Amino acid sequence: MVSLSELCAVLGTDLVPVNRRSFPVRELTGVHVSELEDPTPYLDGGELLLTTGMPLGGSPAATARYVDRLRARGVHALGIGLGPWLTEVPHFLSEACDEAQIHLLAVPDGVPFQNVSRSFWRLSSRSGEAELLGSLGTQTSLAQAAMRPGGAAAVIRGLAQALGGWAAFLPSDAEPERYWPESTGALLPLLREETIRLNRAGTHSAATFELHGQPVVEYPIAAGGRIHGFLAVGPGRKLAAPDRQVIMTVCTLLALKARQREAASSAAAVLETAVAKLVLHGHTEAARILAEDAGHPELPRRVRVLALRAGEPAAPEQLVAAAPALVPAPGVQPVPETVSHCTLRHERDGVLYVLLPESESQLPRTEAFPAPPAPDGAGAVSDPLTLSEVPGVLAGLRRALDQAPAGTLAGLAAPASAAAQVWVQTLAAYARADLLGTVTEYLRHRGHWENASRALGIHRNSLRHRMALASSLLGVDLDDPDVFAPLWLELRQRQG
């Protein structure tokens with residue numbers, strides 16, 4: 001077990017005693033966060049209860065009633081989070097806790113409750129409490145279920161059955177929700193709304209709230225320094241200590257599954273970044289081959305190139321999360337809300353480039369908990385263009401981004417001449433056949449196969465094969481007037 005003094009010693013200035021009276025040395029049974037006016041139905045006694053002070057009602061009488069309920073329940077300590085509700089601990093709260101012999105502590109402004117919760121469970125694990133995980137039959141069966149295909153769904157079902165109620169796991173990424181029984185699906189919209197609220201408020205410890213008049217207990221699934229989702233439980237009865245051990249086991253199992261998915265996603269993200277990098281450097285065919293080998297969906301034929309930067313250092317997820325809020329310049333199409341699911345990204349020289357499919361329908365439409373936006377961000381986006389045209393607009397896009405005020409989205413039309421320059425360079429770099437000369441003669445003879453093949457001294461079928469290869473390499477239709485007109489002018493300029 002973990003004593004309050006041990007927890008305070010580990011946390012230091014993150015958990016400061018307020019009343020200095022000598023109370024009996026007590027061991028804590030847990031750390032719980034609640035903003036309910038009466039949280040005692042969901043407490044077993046012996047806990048450290050954390051609150052921002054909302055339930056106190058701002059009056060000595062309401063505070064006395066609140067503290068008296070905690071005393072009757074056997075709560076050992078009360079932690080007040082200073083910040084938006086209370087800037088200092090009220091003297092009448094300190095007096096009420098002294099009278100009830102409840103330890104009163106303050107969590108300074110800016111210190112997440114999660115710091116307290118994590119420290120408690122870390123101390124608990126060191127003291128041997130975590131060894132109970134493998135000794136209880138329910139935890140063992142849940143651990144075995146987690147190792148099988150569809151393990152997350154089996155774990156949630158087993159937890160709900162063990163508690164005699166319902167359970168749901170809401171991932172923070174594009175993974176589907178897992179819940180049991182089937183009727184719990186009707187609660188998902190409200191659960192997700194409440195979960196997003198708690199996530200934005202920074203409540204990353206166990207928390208309680210009411211849904212349709214029924215208590216809900218929610219736990220964050222944390223691994224690798226970030227929140228992977230939330231486990232929500234609607235117990236069919238009052239939770240006892242063994243129930244909480246089962247829940248903590250499920251949290252551990254879900255965190256392990258999340259880490260496995262994260263490792264797989266990281267590998268995929270590296271490949272997708274490499275694909276985007278190849279496109280930005282003009283290696284379109286190599287990008288297509290790599291995407292196919294990596295199992296990536298077929299690359300879009302036309303994209304808009306989105307360039308993003310922030311006034312301060314920011315993670316790519318923050319930049320992308322802020323992009324839909326950028327105010328577009330007149331005539332510029334705004335960034336779609338689904339941009340966060342576009343995985344073709346590459347960061348270069350402090351700018352994040354995102355390849356947006358021309359059609360928004362090519363982006364997945366899945367929900368995810370929003371990442372905090374980047375501060376003072378700005379962006380610039382090109383008109384739709386083919387993948388082979390992308391390198392030709394990067395310089396202009398960077399200039400437009402540098403000139404864009406914070407909070408705005410600048411536009412950039414794709415210049416035909418720049419695209420044509422890239423096409424010519426790509427054709428000239430092809431070593432297996434003279435694609436540049438082939439395309440030149442084909443355009444010179446206005447698409448007449450016989451005349452072009454005669455001028456080249458090759459068979460008409462060979463000409464058709466080379467033209468098909470050139471079209472595939474450039475990712476454009478060489479019979480499209482918007483393509484062959486600027487390309488022909490660029491070829492003439494190159495020859496002259």
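Keep in mind it's a predicted model, so treat the numbers as computed, not measured.
The heavy-atom pair separating Pro336 from Pro324 by the smallest distance is O-CG, 3.7 Å. Scanning all heavy atoms of the two residues, the minimum distance from Val31 to Ser117 falls at CG1-CA, 4.2 Å. Taking every heavy atom of both residues into account, Leu82 and Ala106 meet most closely at CD1-CB, 4.4 Å. Shortest non-hydrogen contact noted between Pro384 and Arg302 is O-NH2, 3.1 Å. Ala307 and Val351 make their closest contact through CB-CG1, 3.8 Å (heavy atoms, listed as atom of the first residue, atom of the second, distance). In plain terms, the two heavy atoms of Cys342 and Val354 that are nearest each other are SG-CG1, 3.8 Å.
The backbone N or O of Met248 lies less than 3.5 Å from a partner atom in the side chain of Thr252, making a donor-acceptor pair. Checked by atom type and distance alone, the side chain of Arg304 pairs as donor or acceptor with a backbone atom of Gln333 at under 3.5 Å. Checked by atom type and distance alone, the side chain of Arg69 pairs as donor or acceptor with a backbone atom of Glu37 at under 3.5 Å. With Thr29 contributing its side chain and Gly45 its backbone, the two residues share a donor-acceptor pair below 3.5 Å. Ser3 contributes no side-chain N or O that, together with a main-chain N or O of Glu27, makes up a donor-acceptor pair within less than 3.5 Å.
Side-chain atoms of Phe209 and Leu191, non-hydrogen and from C-beta on, do get closer than 4.5 Å to each other. Side-chain contact between Leu11 and Val16 is absent, with no heavy atoms from C-beta onward closer than 4.5 Å. The shortest side-chain heavy-atom distance between Leu409 and Val327 does not fall under the 4.5 Å cut-off. In this structure, the side chains of Glu95 and Cys97 stay at 4.5 Å or more apart for every pair of heavy atoms. By the 4.5 Å heavy-atom criterion applied to side chains, Leu412 and Val381 are not counted as neighbours. Looking only at side-chain heavy atoms (C-beta outward), Leu7 and Leu28 come within less than 4.5 Å of each other. Counting heavy atoms from C-beta outward, Leu306 and Val339 have side chains that approach closer than 4.5 Å. Between Asp349 and Arg398 the shortest side-chain heavy-atom distance falls below 4.5 Å.
Interatomic distance, Tyr353 OH to Leu280 CG, rounded to the nearest 0.5 Å: 7.5 Å. The line from CH2 of Trp85 to CD of Glu35 is 9.0 Å long, rounded to the nearest 0.5 Å. Between Gln214 atom CD and Glu210 atom CD the span is 8.0 Å, to the nearest 0.5 Å. A distance of 11.5 Å separates CD1 in Ile156 from CD in Glu177, rounded to the nearest 0.5 Å. Rounded to the nearest 0.5 angstrom, Arg309 CZ and Leu401 CG are separated by 5.0 Å. Interatomic distance, Leu49 CG to Tyr66 OH, rounded to the nearest 0.5 Å: 4.5 Å.
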| task | For the pair Val107 and Ile80, evaluate side chain to side chain contact (heavy atoms under 4.5 Å, CB included) and give the outcome as yes or no after the intermediate values. | result | CA-CA 6 Å; Val107 180; Ile80 298 295; over 6 Å; no

| task | Mind running side chain to side chain contact (heavy atoms under 4.5 Å, CB included) on Leu355 and Val279 for me, showing each step along the way? | result | CA-CA 9 Å; Leu355 302 181; Val279 173; 3.8 Å; yes

| request: Would you check, one step at a time, whether the test side chain to side chain contact (heavy atoms under 4.5 Å, CB included) holds for Val303 with Leu356? | output: CA-CA 5 Å; Val303 297; Leu356 294 171; 5.8 Å; no

| said: Run the side chain to side chain contact (heavy atoms under 4.5 Å, CB included) test on Arg244 and Asp44 for me, step by step, so that the C-alpha distance in whole Å, both residues' side-chain angles and the decisive distance to 0.1 Å come before the verdict. | reply: CA-CA 10 Å; Arg244 299 185 190 279; Asp44 293 323; 2.9 Å; yes

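Contact check on Glu47 versus Arg73 returns no salt bridge, with no Lys/Arg side-chain nitrogen under 4.0 Å from an Asp/Glu carboxylate oxygen. With respect to the salt-bridge test (charged N to carboxylate O, under 4.0 angstrom), the residues Asp68 and Arg71 qualify.
Tested against Val10, the residues Leu15, Val2, Leu123, Asn115 include a single side chain to side chain contact (heavy atoms under 4.5 Å, CB included) partner, Leu123.
By the 6.0 Å contact criterion, CD on Glu182 is open, its count of non-hydrogen atoms from other residues, nucleotides or ligands being 12 or less.
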